[in-house]
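What follows is a set of notes on a single structure, which appears directly below.
All residue numbers refer to positions in the sequence shown, counting from 1.
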Amino acid sequence: MNVLVIGSGGREHALCYALRRSRGLGRLFILPGNAGTAELGTNVPGDPSDFQLALEVARREDIGLTIVGPEDPLAAGIVDAFEAAGLRIFGPTAAAARMESDKAFAKQLMRQYAVPTADARIFDDFELAREYIATRDEAVVVKAAGLAKGKGVIVCADPADAILAAERILVDRVFGDAGARIVVEERLLGREASLLAIVDRHTSYLLEPAQDHKRLGDGDTGPNTGGMGAFCPTPLVTEAVLRQVQTQILVPVLDALVREGIPYRGVLYLGLMLTSAGPKVLEFNCRFGDPEAQAILLRLRSDLLELLNAAVDGRLEEAVVSWDPRPALCVVMASAGYPEAVRTGVPITGLPPAAEDAVVFHAGTRRVGDAVVTAGGRVLGVTALGATLADARRRAYDLVAQIRFEGAQYRTDLGA
Ligand code: AMP
Ligand code: GLY
C-alpha cells in the first residue's frame with residue numbers, strides 16, 4: 001500500500017521511520033517532509049494545509065492511506081475532504097479535532113460528562129474575565145481557546161498577572177483569533193505525562209506512556225516550547241494510573257463524543273497532570289505528540305501501518321501491538337532564538353547514520369546540495385534506546401555531542 005504522510009516535523013520523520021518497517025508499505029510520500037524523510041520516501045513540496053494538493057497527490061500516486069501529522073490541516077477539515085472524495089485517511093474530522101482546536105469545547109464536554117480536569121470558566125469579554133479573576137485568590141492559568149502553536153497557555157503567578165494575560169489574549173489579540181475566547185482555570189499541581197491513544201470510535205489502544213519537557217531551559221525554566229525532548233515509558237504512569245485514565249477519562253470522553261454525534265478516529269493525545277486526587281486532563285491534542293512520537297515510535301516493534309489501517313477499518317480490537325522493552329529518550333536540538341524568531345540556513349555537520357538503537361529524527365532541516373541546513377525552530381530529535389533510561393540518555397547525549405550547528409540549543413537534563 002502506498003502511503004502519504006502530511007507534515008514536515010520530527011513527528012513525521014518518526015512516522016516514516018516506523019512505516020518503513022511495516023510489511024505492507026509500498027511507496028512512501030511526504031508532503032512536504034524534510035531532509036530526514038527524503039531518505040525514507042519521496043518529499044512532495046507544498047503547503048501541508050493545501051487539501052487540493054494533498055488530494056491530487058493521493059490520486060496521482062495511488063495512495064491507500066494518508067496519515068496527518070499536524071493539527072492545522074485536521075482542524076481545517078482535511079479528513080472531511082478526503083472522506084468526501086472516497087479516500088482513506090487516518091485522523092479526526094474537523095468536528096472531532098475541536099478537542100484540540102477549541103479548548104472551550106473540550107472543557108464543556110469534560111464538564112458535562114464529569115471527566116476529571118481543572119475547574120474552569122470561559123470568557124469572550126475581558127471585563128467579565130477581569131471581574132472573575134479578581135475574586136480568585138489562588139493561582140490560575142489563562143488559555144487562548146483556539147490553536148496558538150502551543151504558545152497560548154499562560155501559567156500565572158497571581159491575579160494581577162492573570163488579568164494582564166487575559167487582556168493580552170482577549171484585547172490585544174496576541175494570538176489572533178485563537179484568543180477570541182479564553183479559558184481561565186485552576187492551576188493544578190503534580191507531574192505531567194502524555195498518553196496517546198489510537199482511537200476508532202469507542203475502541204482505543206493506549207500507546208506506551210511518555211513524558212515531554214515543554215520548557216526551553218534546564219530545570220524547567222524559560223518559556224514554553226513545542227517540546228524540548230521526551231522519553232518513553234515513564235515510571236509516573238503506573239498500572240493503577242493507566243486504569244484510572246481508561247475508566248475515568250478515555251472511555252467517558254470517547255463515549256461522550258459518540259453521543260454528541262462526532263465520533264473520534266485518529267490519535268487522541270491526553271496531556272495529563274497526575275495530581276494527588278488522580279490524573280486530570282490539562283489538554284487534548286488531535287494528533288501524535290512531537291517529540292513524544294519520536295521516543296514512542298522508536299520503541300514500536302509491531303507494524304504501524306497495520307495498526308493505523310486497523311483503526312481506519314474499525315477493527316482495532318484485532319491489532320497486535322508490541323514494544324521494545326528498552327526505554328527511549330529524545331533530545332531536541334533547536335535553533336538559536338527558538339521559540340521566538342530563528343535564523344535558518346545554518347549548516348549542520350556530524351550527523352551520524354541511523355542505527356538499530358539510535359536515530360536522529362529531522363524536524364526543521366532541508367537539503368541544499370550535499371549539505372543539510374537548518375530550516376526551522378526545532379531542528380533535530382536525537383533519539384536513542386538504552387538498557388535503562390539513564391543508558392538511553394547517555395547514548396542520546398553522546399550523539400548530540402557529535403552534531404554541530406551554530407547556535408544550537410538543547411537541554412542537558414532530560415530524563416534526569
Ligand atoms: P497545554 O498546552 O494546555 O498542555 O498547556 C501547556 C502547559 O501549561 C502544560 O504542559 C502545563 O505545564 C501547563 N498547564 C496547562 N494547564 C495547566 C493547569 N491547569 N495547571 C497547571 N499547569 C497547567
Ligand atoms: N509535545 C507536546 C505536543 O505535541 O503538543
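For the atom pair CZ (Arg130) and CD1 (Ile133), the distance works out to 9.5 Å, reported to the nearest 0.5 Å. The distance from the CD atom of Gln211 to the CD atom of Glu192 is 8.5 Å, given to the nearest 0.5 Å. Of the inter-residue distances, the one linking Ile67 atom CD1 with Ile6 atom CD1 reads 10.0 Å to the nearest 0.5 angstrom. Separating the OG1 atom in Thr234 from the CZ atom in Arg191 is a distance of 7.5 Å, to the nearest 0.5 Å. Note that CG of Leu254 is 6.5 Å distant from CG of Leu268, once rounded to the nearest 0.5 Å. The distance from atom CZ of Phe361 to atom CG of Leu298, rounded to the nearest 0.5 Å, is 5.0 Å.
Donor-acceptor pairing under 3.5 Å is lacking for the side chains of Glu127 and Tyr132. A side-chain donor from one of Asp290 and Gln294 sits under 3.5 Å from a side-chain acceptor of the other. Tyr397 and Arg393 are not linked by any side-chain donor-acceptor pair at a separation below 3.5 angstrom, with hydrogens and angles left out of the test. Remark: the Lys214 side chain and the Thr225 side chain contain no N/O donor-acceptor pair separated by less than 3.5 Å. In this model, no donor atom of one side chain and acceptor atom of the other lie less than 3.5 Å apart for Arg367 and Asn34. Residues Ser194 and Glu292 bring a donor and an acceptor atom of their side chains to less than 3.5 Å of each other. With no hydrogens or angles considered, a side-chain donor-acceptor pair links Asp218 and Thr412 at under 3.5 Å.
In terms of modelled atom types and a separation under 3.5 Å, the side chain of Glu12 and the main chain of Gly9 share a donor-acceptor contact. Thr374 places no side-chain N or O within 3.5 Å of a backbone atom of Thr344 that could act as its donor or acceptor partner. A distance-only check finds a donor-acceptor pair linking the side chain of Thr275 to the backbone of Gly278 [under 3.5 Å]. With hydrogens and angles disregarded, a donor-acceptor distance shorter than 3.5 Å links the side chain of Asp413 to the backbone of Gly219. Proximity of a side-chain donor or acceptor of Glu100 to a complementary backbone N or O of Cys286 within less than 3.5 Å is detected. A distance-only check finds no donor-acceptor pair linking the side chain of Arg378 to the backbone of Tyr338 [under 3.5 Å]. A donor-acceptor contact shorter than 3.5 Å is absent between the side chain of Arg326 and the backbone of Leu385. Side chain of Thr66 to main chain of Ile89: no donor-acceptor pair is present (N/O by atom type, distance under 3.5 Å, no hydrogens or angles).
Taking a 6.0 Å sphere around CZ of Arg168, one finds it holds 12 or fewer heavy atoms contributed by other residues, nucleotides or ligands.
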Between Arg181 and Asp102, is a salt bridge (Lys or Arg N to Asp or Glu O under 4.0 Å) present by the stated rule, with each step listed? CA-CA 9 Å; Arg181 281 207 286 178; Asp102 183 355; 3.4 Å; yes
Carefully, step by step, assess Thr365 and Val373 under the rule side-chain contact (heavy atoms from CB on, under 4.5 Å). CA-CA 6 Å; Thr365 68; Val373 303; over 6 Å; no
Intermediate values then yes/no, side-chain contact (heavy atoms from CB on, under 4.5 Å), Leu307 and Leu316: CA-CA 7 Å; Leu307 177 64; Leu316 197 50; 3.9 Å; yes
After noting the C-alpha distance and the side-chain angles of Asp255 and Arg201, does the key distance pass the salt bridge (Lys or Arg N to Asp or Glu O under 4.0 Å) rule? CA-CA 8 Å; Asp255 287 349; Arg201 298 169 63 90; over 6 Å; no
Should Glu185 and Lys107 be marked as a salt bridge (Lys or Arg N to Asp or Glu O under 4.0 Å) after you check the CA-CA gap, both sets of side-chain angles, and the distance that decides it? CA-CA 10 Å; Glu185 67 180 40; Lys107 206 56 159 185; 2.8 Å; yes
If you apply the rule side-chain contact (heavy atoms from CB on, under 4.5 Å), what do you find for Glu186 with Val140, and how did you get there? CA-CA 5 Å; Glu186 137 199 46; Val140 296; over 6 Å; no
Output, in order, the C-alpha distance, side-chain angles, deciding distance and verdict of salt bridge (Lys or Arg N to Asp or Glu O under 4.0 Å) for Arg23 and Asp303. CA-CA 7 Å; Arg23 280 177 303 277; Asp303 194 305; 3.7 Å; yes
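With Val141 as the fixed residue, the side-chain contact (heavy atoms from CB on, under 4.5 Å) test singles out one of Val183, Val155, Val184: Val155. Checking each of Arg301, Arg395, Arg21 against Glu356 for a salt bridge (Lys or Arg N to Asp or Glu O under 4.0 Å) leaves exactly one that passes, namely Arg301. Shown are Glu260, Gln108, Arg259; of these, the side-chain hydrogen bond (donor to acceptor under 3.5 Å, both in side chains) with Tyr113 is made only by Glu260. With Ile296 as the partner, the side-chain contact (heavy atoms from CB on, under 4.5 Å) test is satisfied by one option alone out of Pro291, Pro209, Cys232, Cys330: Cys232.
We find that Asp324 and Arg299 are not joined by a salt bridge, their nearest charged nitrogen and carboxylate oxygen being 4.0 Å or further apart.
Between Lys149 and Asp72 the shortest heavy-atom distance is NZ-OD2, 3.3 Å. Looking at every heavy atom in both residues, Ser335 comes nearest to Gln409 through O-NE2, 2.9 Å. The nearest pair of heavy atoms linking Gly222 to Arg215 is O-NH1, 2.9 Å. Annotation for Val199 and Ala311: closest pair O-CB, 4.3 Å, computed over non-hydrogen atoms.
In this structure, the ring of Phe288 has its center no less than 6.0 angstrom from the ring center of Tyr269.
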